[in-house]
Amino acid sequence: MEIYNTKISYYKNHMQVKVYDNSVKKGEKKYKSLVRTSEQVQEEIKEKEEFLKEYYGDDTEKAEREIEKLRHKRRSASAYSSTQRTKKTILEYLLSNQWEYFCTFTFNPRLVDRTDFYEVSQKLSKWLQHLKERYAHDLMYVVVPELHEDKKSYHFHAVMSNIGSLQLSPFCHKNSDDEVTQVFTKNGQQIYVINQWRFGYSTAIELEHNAESSTKIAYYMTKYITKDLCANTLNRRRYWVSRSTVSKPIEEYFNIDFDNIDDYIKKAFDNDLMYYKEISSSYRGKIKYIDVRY
């Protein structure tokens, strides 16, 4: 099994270098001692709950409160883990491709029950399939849902490219005097409406083609993947990707002499450094993240 301490991921406009204090075996899943089967996990849970029942004896109300605290903590940990995995996957797709438009799709409650995640997901999936078949055979997209502040309703955000003959019209506003004016963003970008979206309102904004803009929109998209969303969509699809037209990052692995790593980073990346961060991991030790502009 290949051993490495440096991993380079090549994205569309930049690359990310991860340097590990502790060497890693390619394909390794943390420490084997930390990997447990679902049966083992369930057995541990059962043992903890039985212990709490015995510990509090006849005070069943106290025991139930403590058991519920334990279950809530377990659900929170599971939701956090699920959230991070989803974000990581989405981020790889977002950073590895060039995007032309940032879009938002909402649902009119008179046409669609926007509180029903299954219904809005079905509408979106069929619409995307229809677009590829009729308007844009090479359509590229990554779509994520957002949960409204009411924690019940949903709308979607997307990045798209190769939109083919998809029709965009200027987004306009009519005031009380029936005067119609075009609407722009705070930065002066024109906002469009996607004519083919018939389930509610839609907007599309053209994106800039540079490393900073691409990175910014990628991380902006992942902020919609929250613990509340993941809890509400348990065992449901949380993102849509046109897998036949988008790519994932190319990755390379190196085992560099630890004494030379800091010099390697300085010489290779100082001039084009975009981002640098160092974190501590319970199973990997310190990890350096270096994002570098091409």
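The figures that follow rest on heavy atoms only: side chains count, while hydrogens, waters and symmetry mates do not.
At a threshold of 4.5 Å between non-hydrogen side-chain atoms, the residues Val246 and Trp99 count as touching. Between Leu139 and Lys132 there is a side-chain heavy-atom pair separated by less than 4.5 Å. For the pair Leu131/Leu166, a side-chain contact is recorded, criterion being any heavy-atom separation below 4.5 Å from C-beta on. Between Tyr141 and Met160, some side-chain heavy-atom pair lies under the 4.5 Å cut-off. Two residues are said to be in side-chain contact when any heavy atoms from C-beta on lie closer than 4.5 Å; Asn5 and Val19 fail this criterion. Two residues are said to be in side-chain contact when any heavy atoms from C-beta on lie closer than 4.5 Å; Gln182 and Phe171 fail this criterion. Looking at heavy atoms from C-beta onward, Thr6 lies in side-chain contact with Val17 at the 4.5 angstrom threshold. In this structure, the side chains of Asn162 and Thr245 stay at 4.5 Å or more apart for every pair of heavy atoms.
Ala204 and Cys103 get closest at one heavy-atom pair: CB-SG, 3.9 Å. In terms of heavy-atom proximity, Thr106 sits nearest to His155 at CA-CB, 3.9 Å. Closest heavy-atom contact between Val142 and Met221: O-CE, 3.6 Å.
With hydrogens and angles disregarded, a donor-acceptor distance shorter than 3.5 Å links the side chain of Thr222 to the backbone of Tyr219. With hydrogens and angles disregarded, a donor-acceptor distance shorter than 3.5 Å links the side chain of Ser161 to the backbone of Gln98. Panel note: side chain Ser202, backbone Val193; no donor-acceptor pair is recorded below 3.5 Å. Judged by distance alone, the side chain of Trp127 and the main-chain N or O of Gln196 form a donor-acceptor pair under 3.5 Å. Side-chain atoms of Asn187 do not come within 3.5 Å of backbone N or O of Gln189 as any donor-acceptor pair.
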Could you please spell out the steps behind the side-chain hydrogen bond (donor to acceptor under 3.5 Å, both in side chains) verdict for Gln16 and Tyr10? CA-CA 7 Å; Gln16 183 182 80; Tyr10 294 94; over 6 Å; no
May I have the step-by-step check of side chain to side chain contact (heavy atoms under 4.5 Å, CB included) for Ile90 and Ile225, ending in yes or no? CA-CA 10 Å; Ile90 293 171; Ile225 307 299; 3.8 Å; yes
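One finds the NE2 atom of His14 at 4.0 Å from the CG atom of Asp291 (value rounded to the nearest 0.5 Å). Taken from OG1 in Thr203 to CZ in Phe102, the straight-line distance is 7.0 Å, to the nearest 0.5 Å. Taking CD of Glu251 as the reference point, atom OH of Tyr4 lies at 8.0 Å (rounded to 0.5 Å). Atoms CD1 and NE2, on Ile217 and His157 in that order, are 10.0 Å from each other to the nearest 0.5 Å. One finds the CD atom of Gln190 at 9.5 Å from the CG atom of Leu168 (value rounded to the nearest 0.5 Å). A distance of 8.5 Å separates OG of Ser121 from CG of Asp116, quoted to the nearest 0.5 Å.
Taking the ring centre of Phe107 as origin, the terminal cationic atom of Lys123 falls outside the region bounded by 6.0 Å and 45° from the ring axis.
A side-chain donor-acceptor contact under 3.5 Å links Ser214 and Asn13. Side-chain contact, Ser247 with Asn97: a donor N or O sits under 3.5 Å from an acceptor N or O. Using modelled atom types and a 3.5 Å distance limit, the side chains of Ser169 and Asn195 yield a donor-acceptor pair.
Hydrophobic clustering keeps Ile205 apart from Leu207 (ILVMFWY residues linked when any side-chain heavy atoms are closer than 4.5 Å, directly or through intermediates). In the hydrophobic clustering of this structure, Val120 groups with Leu147; members are Ile, Leu, Val, Met, Phe, Trp, Tyr whose side-chain heavy atoms approach within less than 4.5 Å, directly or through other members. When hydrophobic clusters are built by joining Ile, Leu, Val, Met, Phe, Trp and Tyr residues whose side-chain heavy atoms come closer than 4.5 Å, directly or via intermediates, Val183 is not grouped with Tyr201. A continuous path of ILVMFWY side-chain contacts below 4.5 Å connects Val143 to Tyr192, so both sit in one hydrophobic cluster. Under the 4.5 Å side-chain heavy-atom criterion for grouping Ile, Leu, Val, Met, Phe, Trp and Tyr, Tyr11 is not connected to Met140 through any hydrophobic cluster.
Crowding of Phe184 atom CZ: a count of heavy atoms from other residues, nucleotides or ligands under 6.0 Å exceeding 12. The environment of Lys87 atom NZ is dense: over 12 non-hydrogen atoms of other residues, nucleotides or ligands sit within 6.0 angstrom. Taking a 6.0 Å sphere around CG of Leu111, one finds it holds more than 12 heavy atoms contributed by other residues, nucleotides or ligands.
The pair Lys88-Glu92 meets the salt-bridge criterion, with a side-chain N (NZ, NE, NH1 or NH2) lying under 4.0 Å from an Asp/Glu carboxylate O.
For the pairing with Phe156, the ring pair (Phe, Tyr, Trp, His ring centres under 6.0 Å) check across Trp240, Tyr239, Tyr224 returns one residue only, Trp240.
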